[in-house]
Amino acid sequence: MIDLKYIQKNFDEASKKLQKKGVDAQTLTKLEDLFSKLKEANAQLEAMQAEQNSMSKLFGQYKKEGKDITALKAKVDANKEAMLPVQERAREAQEALFSVALAIPNFPDDAVPEGQDETDNVELRKVLEPKNFDFKPKEHWELSEINGWIDFERGVKLAKSRFAILKGEASRLERALINFFLDTNREKGFVEYSVPFINNATMLQGTGQLPKFGDDLFKIEEEDLYLIPTAEVPLTNMYHDEILAEKELPLLMTGYTPCFRKEAGSAGRDTRGIIRQHQFNKVEMVAVAHPDKSDEIFEMMVQNASDILTALGLPHRVVELCGGDLGFSAAKTIDLEVWLPGQNQYREISSISNTRDFQARRAKIRFKEGKKNRFVHTLNGSALAVGRTIVAIMENYQNEDGTIEIPEVLKKYM
RNA sequence: GGACAGAUGGGAGAGCUGGUUUAAUCCGCGCCCCUGCUAAGGGCGUGUAGCCUCACGGUUACCGAGGGUUCGAAUCCCUCUCUGUCCGCCA
């Protein structure tokens, strides 16, 4: 959640920042107005409550001393009644404020490039040269057919479209990748976790998926539970509503989970192959960091994901997202895009974001700095998306006859 | 799924026949004092969020969650969640 006090004190600046993310000034004005209304109502209510409390105390005293309480009772009753509309006003303001505030995205960092969509993203560097094939490289679904790696039809039969089955070597490759990713992350200082794949609504709100993006989530019917769209949700929310000691920071976490997404806005995109599935596997990095250290940790996370791709011999480029392409919770995001020779283009395989204190405010994750509590910074990033790594290996390591080599670093895992 | 018990501040633990409890007490933790080392002792302080105040300080809410009764609820009533123990079932 954005800092309401900041908005109130620096309205113009806040408004300008949020324009980068497509929030109009009108919404912000409404927010500011609701915030003022809430404060006003609360101040009045509290004064009345104070009055009520002191009269009640007196009431007890009178009774003890056997004094007449008729007059006092009338006064206290009148005050109680007068409080009701004020109470209602405060409650309404609170509700209205939150419904607006929870739907406002994070401020982008000042250094984030201007832009509307992914075409305005900025390429920072390329790592590894794409290999020159002396034949026309095939797309991964063609290679899958030759090798019998992916069973799309039966995946659809079991669930519905955008579900697939990995078979034999492909399934083993997936398992090897997960282990390779987790081991590498562990070597970089991330602690490995195995977490619930189902989280409740409070947690989804903590990391920013709810209330605005419920359409992208699979919900468990009749329960307040959702299948996680990313391990960022459980890993970050492990510290939901906790106050950490400063010396505990940073908390570096990694975990493998399946991820479930409805892909509501992506009908018709990437319908062939396993680039875009309703269920995919991912190894995630999450950091809970001291605000002064989050930039440093961010760079480390980007470097780690890039190093993994390099170790796998996969050409990729590092791209900084422009304001218009930033996710809801992110202040800054760097995507890693892997080269897919079959598709003849770079495709996203990792996305690393610093949410600053945006998620920390929602999830109430703080640390003790001296006597004061301060919000932490939370960061998350894939290292890596497993399914897309399989696609990348298939397409980059294919031979002319359609067979696929296994990258050297994975051989000990298979 | 059934039966019983429970949920209090960093920990332990009282209060639970409604009103000097601003949540006692102990431990832990912090600062200070005493003590020529050590041990021991003494004093003060020590939750979260918000609002008002330059500050000192004041004030409201929070005793698992939500609602109710009452002038007043940790305490009484209702609903829910979770934990423990036993039984049943189960990878």
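Each chain gets a letter, A, B and so on, in the order the sequences are listed, and its residues count up from 1.
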Side chain of A/Lys80 only, heavy atoms from C-beta on: which candidate in B/A49, B/U70, B/U60 is closest?
B/U70
Can you list the residues that meet the ring pair (Phe, Tyr, Trp, His ring centres under 6.0 Å) rule with A/Phe98, with sequence neighbours excluded?
none
With a 3.5 angstrom cut-off on both distances, give the Watson-Crick or G-U wobble partner of B/C54, or none if there isn't one.
none
If pairing means Watson-Crick or G-U wobble with both distances under 3.5 Å, then the partner of B/U21 is none
P gap between B/G66 and B/A74, integer Å
13 Å
What's the NE2-C1' distance between A/His240 and B/A65, to the nearest Å?
14 Å
Determine the Euclidean distance between corresponding P atoms of B/U21 and B/U69; express it in Å to zero decimal places.
28 Å
Test item: A/Lys332 side-chain N/O and A/Phe298 main-chain N/O as donor-acceptor pair under 3.5 Å:
no
So, is A/Arg366 close to the B/A49 phosphate, meaning a side-chain N or O under 4.0 Å from OP1 or OP2?
yes
Could you tell me the Watson-Crick or G-U partner of B/G41, where both distances fall under 3.5 Å? Say none if there is no partner.
B/C33
Select base, sugar-phosphate, or nothing to describe what A/Leu72 touches, counting heavy atoms under 4.0 Å on all strands.
nothing
Please report, rounded to the nearest Å, how far the P atom of B/C51 is from the NZ atom of A/Lys37.
18 Å
Minimum-distance nucleotide to A/Lys5 side chain [options: B/C71, B/C51, B/G47]
B/C51
Measure up the A/Phe197 and A/Tyr256 rings against each other and bin them: parallel (under 30°), tilted (30 to 60°), perpendicular (over 60°).
perpendicular
Closest-nucleotide ordering on RNA chain B, the 5'-leading residue of A/Asp77 and A/Ala50:
A/Ala50
Measure the distance from CZ on A/Arg374 to C1' on B/A49 and round it to the nearest whole Å.
18 Å
What I want to check is whether an N or O donor and acceptor connect the side chain of A/Gln52 with the base of B/G72 at under 3.5 Å.
no
Find out whether A/Met1 and A/Arg362 are in side-chain contact, i.e. whether some heavy atom of one side chain is under 4.5 Å from a heavy atom of the other.
yes
For atom C1', what is the distance between B/C44 and B/A5, given to the nearest Å?
41 Å
Using atom C1' in both nucleotides, what's the gap between B/A91 and B/C86 to the nearest angstrom?
22 Å
Distance between C1' atoms of B/U59 and B/U22 (Å, rounded):
12 Å
Please report whether the ring centroid of A/His278 lies less than 6.0 Å from that of A/Phe218.
yes
Would you mind reporting whether A/Thr29 and A/Phe11 have side-chain heavy atoms less than 4.5 Å apart?
yes
Give none if B/A3 has no partner; otherwise give the nucleotide forming a Watson-Crick or G-U wobble pair with it, both distances under 3.5 Å.
B/U85
Are side-chain heavy atoms of A/Asp151 and A/Lys167 found at a separation under 4.5 Å?
no
Whole angstrom value for the distance that separates C1' of B/C51 from CG of A/Asn42:
8 Å
Nearest non-hydrogen partners of A/Tyr6 and A/Lys17, listed with the distance:
OH-NZ, 3.5 Å
Among B/U48, B/U60, B/C71, which nucleotide sits nearest the side chain of A/Asn53?
B/U60
With distance as the sole criterion, is a donor-acceptor pair present between the side chains of A/Thr207 and A/Glu232 under 3.5 Å?
no
Quiz question: by atom type and distance under 3.5 Å, do the side chains of A/Asn147 and A/Glu169 form a donor-acceptor pair?
no
Using atom P in both nucleotides, what's the gap between B/A3 and B/U79 to the nearest angstrom?
14 Å
Could you check which of B/U48, B/C52, B/C71 has an atom nearest any side-chain atom of A/Lys39?
B/C52
Rounded C1' spacing from B/C90 to B/C29 in Å:
46 Å
Output the rounded distance in Å from CE (A/Met48) to P (B/C71).
16 Å
Rounded to the nearest angstrom, tell me the gap between atom CD in A/Glu51 and atom P in B/G72.
14 Å
Rounded to whole Å, please give me the gap between CG in A/Asn200 and P in B/C82.
11 Å
For B/U46, which nucleotide is its Watson-Crick or G-U wobble mate, given both distances must be under 3.5 Å?
B/G28
Contacts of A/Gln49 and A/Lys73 projected onto RNA chain B by closest heavy atom; the upstream (5') one is A/Gln49
So which protein N/O to nucleotides 15-24 of chain B N/O distances come out below 3.5 Å?
residue	atom	partner	partner atom	Å
B/G19	N2	A/Ser56	O	2.8

Taking only the side-chain heavy atoms of A/Ala43 (C-beta and beyond), determine which of B/C71, B/U59, B/C51 contains the nearest atom.
B/C51
Would you measure the distance from the C1' atom in B/A73 across to the matching atom in B/U83 and give it in whole Å?
25 Å
Rounded to whole angstroms, how far apart are CG on A/Asn79 and C1' on B/G72?
13 Å
Report the base-pairing partner of B/C76 (Watson-Crick or G-U wobble, both distances below 3.5 angstrom), or none.
B/G68
